[in-house]
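Lettering of chains follows the sequences in order, A, B, ..., and the numbering in each one begins at 1. Just so you know, these numbers use all the heavy atoms, side chains as well, and skip hydrogens, waters and symmetry mates.
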2 protein chains.
Amino acid sequence: MSTAEETAGGETQAWGEVTPDAARRLLVAAVEAFAERGYHATTTRDIAGRAGMSPAALYIHYKTKEELLHRISRIGHEKALEILRTASRREGTASERLADAVGSFVRWHAGGRTTARVVQYELDSLGPDARAEILALRRQCDAEVRGIIEDGIASGEFDVLDVKGTTLAVLSLCIDVARWFSLEGRWTPDEIGALYADLVLRMVGAAK
Amino acid sequence: MSTAEETAGGETQAWGEVTPDAARRLLVAAVEAFAERGYHATTTRDIAGRAGMSPAALYIHYKTKEELLHRISRIGHEKALEILRTASRREGTASERLADAVGSFVRWHAGGRTTARVVQYELDSLGPDARAEILALRRQCDAEVRGIIEDGIASGEFDVLDVKGTTLAVLSLCIDVARWFSLEGRWTPDEIGALYADLVLRMVGAAK
DNA sequence: GGGCAGCCTAAGCGCTCGCTCAGCTTCGGC
DNA sequence: GCCGAAGCTGAGCGAGCGCTTAGGCTGCCC
């Protein structure tokens, strides 16, 4: 799963829930364009062109350009939250669950960095209502990670000075992967996931 | 120095080297506008307006809107590199130097997050030549941090599995502060600097 | 086979963008 | 007191933007 979804176009399958087909093609085209040049530098003509349609076709499926970003952002955040939830609620020690959460979260940011870049860095381009909705999802992500860290402290596995600060730093570290990661670089998503899981366990003072 | 330079307008003094006065006012206005809305969403009319001038005045001091971003980016990266160099070359153990580097680098990103946000996140809006120049400065930042970590390994202070990966993670953690930090939040730049210095020492396995 | 959704395009509207230019004011040197 | 340079403005150009509209082409139900 982790090394399967690759080069920009290859992340398509993640959007299988979006119908009809033309709407999905437009959404995938928008993700690629937003990731490459940013929301404001992307034109609706460019999105429609990538999807093989005329500029007007976009407005049959989406009311505005911002609605595209909103849809992308919500689906992406729901996926991110699902990843963290799955890791948080599995069986195992807090160390195992934290390593799982960080590893899979980082793999998602690295392997699907086209999507992740849009999801994590174009939040400010949304209007107030849409942004508020997305921020609620982000707070849930934060709560999942903080929960694991608190479990680890309670069980004596972790040694943490500032729970909220450390939670923030762990999520920040994972999210920033979307900024710098490149498949042409020296690491695979799996390698970065493993490296980061180790680094985070060190950050929370997990006994080795 | 760390808690002195504050609210968006208050970072002005950092641009003292820019002359004449009107050019500096335009540059400061551009930093604020780019940080708030991003490079592509900012208009030259907005920049000129913030500086109290007509749109045409901008082009007396700068050839294009991109030249403004380029100048901001270079000055900002030079400042960042200077901060890391100073910490790297001082007296002390590798642990002390790494804590100093991370602490002051994070304080700069938090306290001057308006500038830092532009410097760290608008790189892709530069043209190829300008981007190449800035990337060279970033590689020097990377080398400074990697140098400290390698010193710590050589002296036996640090226990690190992947030097390049850990260096990247440390810088990534610091840089991402510019994305989420807010002066209205629960931390001061000094507090975040201290917290992050501790977290990074844990990441490199520094003996406590 | 006629009617009607659903999906799409060509054309283009109104607007704002980055940027230019002719001309005005200010001011130091002589 | 005149001059040229420096700094700035008002007006506006050409281009490209997000988005709309009128109309055509399917394919499916009766």
Side-chain angles (χ1 to χ4, degrees), chain A residues 15 17-73 118 122-131, chain B residues 12 15-73 118 122-131:
Chain A
W15 305 99
E17 64 189 88
V18 181
T19 55
D21 182 68
R24 180 174 53 252
R25 271 159 49 219
L26 284 164
L27 205 81
V28 171
V31 169
E32 292 175 17
F34 291 163
E36 271 177 37
R37 337 221 277 223
Y39 175 77
H40 286 292
T42 299
T43 69
T44 53
R45 283 165 234 268
D46 182 27
I47 296 169
R50 284 175 192 249
M53 299 182 202
S54 76
L58 194 151
Y59 293 91
I60 293 163
H61 301 282
Y62 302 95
K63 278 215 299 282
T64 62
K65 176 177 148 185
E66 197 197 313
E67 191 190 331
L68 268 167
L69 179 59
H70 185 190
R71 286 268 249 271
I72 292 166
S73 205
V118 178
E122 298 290 350
L123 202 70
D124 291 340
S125 302
L126 287 170
D129 292 352
R131 182 160 59 241
Chain B
T12 312
W15 305 99
E17 64 189 87
V18 181
T19 54
D21 182 68
R24 180 173 53 253
R25 270 159 50 218
L26 284 165
L27 205 81
V28 170
V31 169
E32 291 175 17
F34 291 162
E36 272 177 37
R37 337 218 283 218
Y39 174 78
H40 286 292
T42 299
T43 69
T44 54
R45 286 164 173 81
D46 182 25
I47 297 169
R50 283 174 192 250
M53 298 181 204
S54 77
L58 193 152
Y59 293 90
I60 292 162
H61 300 282
Y62 302 95
K63 279 215 298 283
T64 62
K65 177 177 148 185
E66 197 197 314
E67 191 191 330
L68 268 167
L69 178 60
H70 185 190
R71 287 268 248 269
I72 291 166
S73 204
V118 178
E122 296 291 348
L123 202 70
D124 291 339
S125 302
L126 288 170
D129 292 351
R131 183 160 61 241

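- One can place NE2 of H40(A) at 16 Å from P of dT16(C), the figure rounded to the nearest angstrom.
- Side-chain atoms of F34(B) and I47(B), non-hydrogen and from C-beta on, do get closer than 4.5 Å to each other.
- In this entry the distance linking CZ of R37(B) with P of dC17(C) reads 10 Å, nearest Å.
- The two residues Y39(A) and L69(A) make their nearest non-hydrogen contact at CD1-CD2, 3.6 Å.
- Nearest nucleotide to the A56(A) side chain, out of dG7(D), dA10(C), dC21(C): dA10(C).
- Protein atom NZ of K65(A) is 16 Å distant from nucleotide atom P of dG16(D), rounded to whole Å.
- An OP1 or OP2 oxygen of dG16(D) is reached within less than 4.0 angstrom by no side-chain nitrogen or oxygen of R45(A).
- Both I60(B) and T64(A) lie near DNA chain D, and the one whose nearest nucleotide falls closer to the 5' end is I60(B).
- Residue contacts shown for T43(B) are limited to sugar-phosphate atoms, with no base heavy atom under 4.0 Å away.
- Between R24(B) and D21(B), some side-chain heavy-atom pair lies under the 4.5 Å cut-off.
- When side chains are defined from C-beta on, R25(A) counts as touching M53(A), because their heavy atoms get closer than 4.5 Å.
- Spacing between atom CG of L68(B) and atom C1' of dC19(C) amounts to 13 Å, rounded to whole angstrom units.
- The side chain of H61(B) contributes an N or O atom lying less than 4.0 Å from OP1 or OP2 of dC8(D).
- L69(A) places its CG atom 15 Å from the C1' atom of dG18(D), with the value rounded to the nearest Å.
- In the set dT9(C), dC8(D), dC8(C), the nucleotide with an atom closest to the side chain of A57(B) is dC8(D).
- At least one side-chain heavy atom of H70(B) sits under 4.5 Å from a side-chain heavy atom of L126(B).
- The nearest whole Å value for the distance from the CG atom in D46(A) to the C1' atom in dC17(D) is 13 Å.
- The listed nucleotides are dT9(D), dG18(D), dG7(D); the one nearest the side chain of P20(B) is dG7(D).
- For dG18(D), the OP1/OP2 oxygens have a side-chain nitrogen or oxygen of T44(A) closer than 4.0 Å.
- The nearest whole Å value for the distance from the CG atom in L58(B) to the P atom in dC17(C) is 14 Å.
- Contact check, Y59(A) against dC19(D): a side-chain N or O comes under 4.0 Å of OP1 or OP2.
- Comparing dC17(D), dG18(C), dT9(D) against the side chain of M53(B) picks out dT9(D) as the nearest.
- In this entry the distance linking CZ of R24(B) with C1' of dG7(D) reads 16 Å, nearest Å.
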